[in-house]
Amino acid sequence: MRERNAIVFAAVCQIPPGRVATYGQIARISGLGRLARQVGYALNALPEDSEVPWHRVVNARGEISQRSAAGSESESLQRLRLEAEGVRFDARGRIDLGEYSWDAAR
DNA sequence: AGCGTGACGCAGG
DNA sequence: ACCTGCGCCACGC
């Protein structure tokens, strides 16, 4: 496993339940600057049985990012997990970041 | 070693 | 508020 990924995973683990963080936030927190894409790449390499709360990571628009891998149900799983934590989605399938985004400085 | 690709973000229009 | 284009950079061919 690449060392970068481990750093990203550690950052994701900081996100408290019921809150979400954007890829950009994770990138910054983990010292990757603005390399949000790398965060996505890292999560892609994340094993499913991992304890990392990857479902709390959404894009800057407050929506669940589409996987390229078709047939993967991780997207719906992500939404289910978030809703289970109390995160609400609007009719367009978006999250109100103003209310649920995680304040990184914590 | 070059090229396309991608769980993104931001500036423009 | 929505759609497009461009930048970023690690990976796999």
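Backbone-only engagement by R94(A) is indicated by non-hydrogen atom pairs under 4.0 Å involving sugar-phosphate atoms exclusively. In this structure, S74(A) reaches neither bases nor backbone, as no heavy-atom distance under 4.0 Å exists between it and the strands shown. Q66(A) comes within contact range of the sugar-phosphate backbone alone, with a heavy-atom separation under 4.0 Å but no base atom that close.
A sub-4.0 Å separation between OP1 or OP2 of dA7(B) and a side-chain N or O of S68(A) is present.
Separating the CD atom of E73(A) from the C1' atom of dA7(B) is a distance of 16 Å, rounded to the nearest angstrom. Protein atom CG of L32(A) is 11 Å distant from nucleotide atom P of dC11(C), rounded to whole Å. Residue Q25(A) contributes atom CD, which lies 15 Å from atom P of dC8(B) at whole-angstrom precision. The CD-C1' distance, from E63(A) to dA1(C), rounds to 13 Å in whole Å. Between N44(A) atom CG and dC8(B) atom C1' there is a gap of 13 Å when expressed in whole angstrom units.
If you take CD on E48(A) and CG on L77(A), they are separated by 8.0 Å, rounding to the nearest 0.5 Å. Here I7(A) contributes atom CD1 and Q38(A) contributes atom CD; the two are 12.0 Å apart, rounded to the nearest 0.5 Å. Taking OH of Y100(A) as the start and CG of L82(A) as the end, the distance is 10.5 Å to the nearest 0.5 Å. Here I95(A) contributes atom CD1 and R79(A) contributes atom CZ; the two are 8.5 Å apart, rounded to the nearest 0.5 Å.
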With the criterion being N/O to N/O and under 3.5 Å, what pairs connect the protein with nucleotides 7-10 of chain C, and how long is each?
| unit_1 | atom_1 | unit_2 | atom_2 | d |
| --- | --- | --- | --- | --- |
| dG7(C) | O6 | R37(A) | NH1 | 3.3 |
| dC9(C) | O2 | Q38(A) | OE1 | 3.4 |
| dA10(C) | O4' | Q38(A) | OE1 | 3.1 |
| dA10(C) | O4' | Q38(A) | NE2 | 3.1 |

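Without hydrogens or angle criteria, E75(A) side chain to R67(A) main chain gives a donor-acceptor distance under 3.5 Å. No donor-acceptor distance shorter than 3.5 angstrom exists from the side chain of R88(A) to the backbone of G86(A), with no hydrogens or angles considered.
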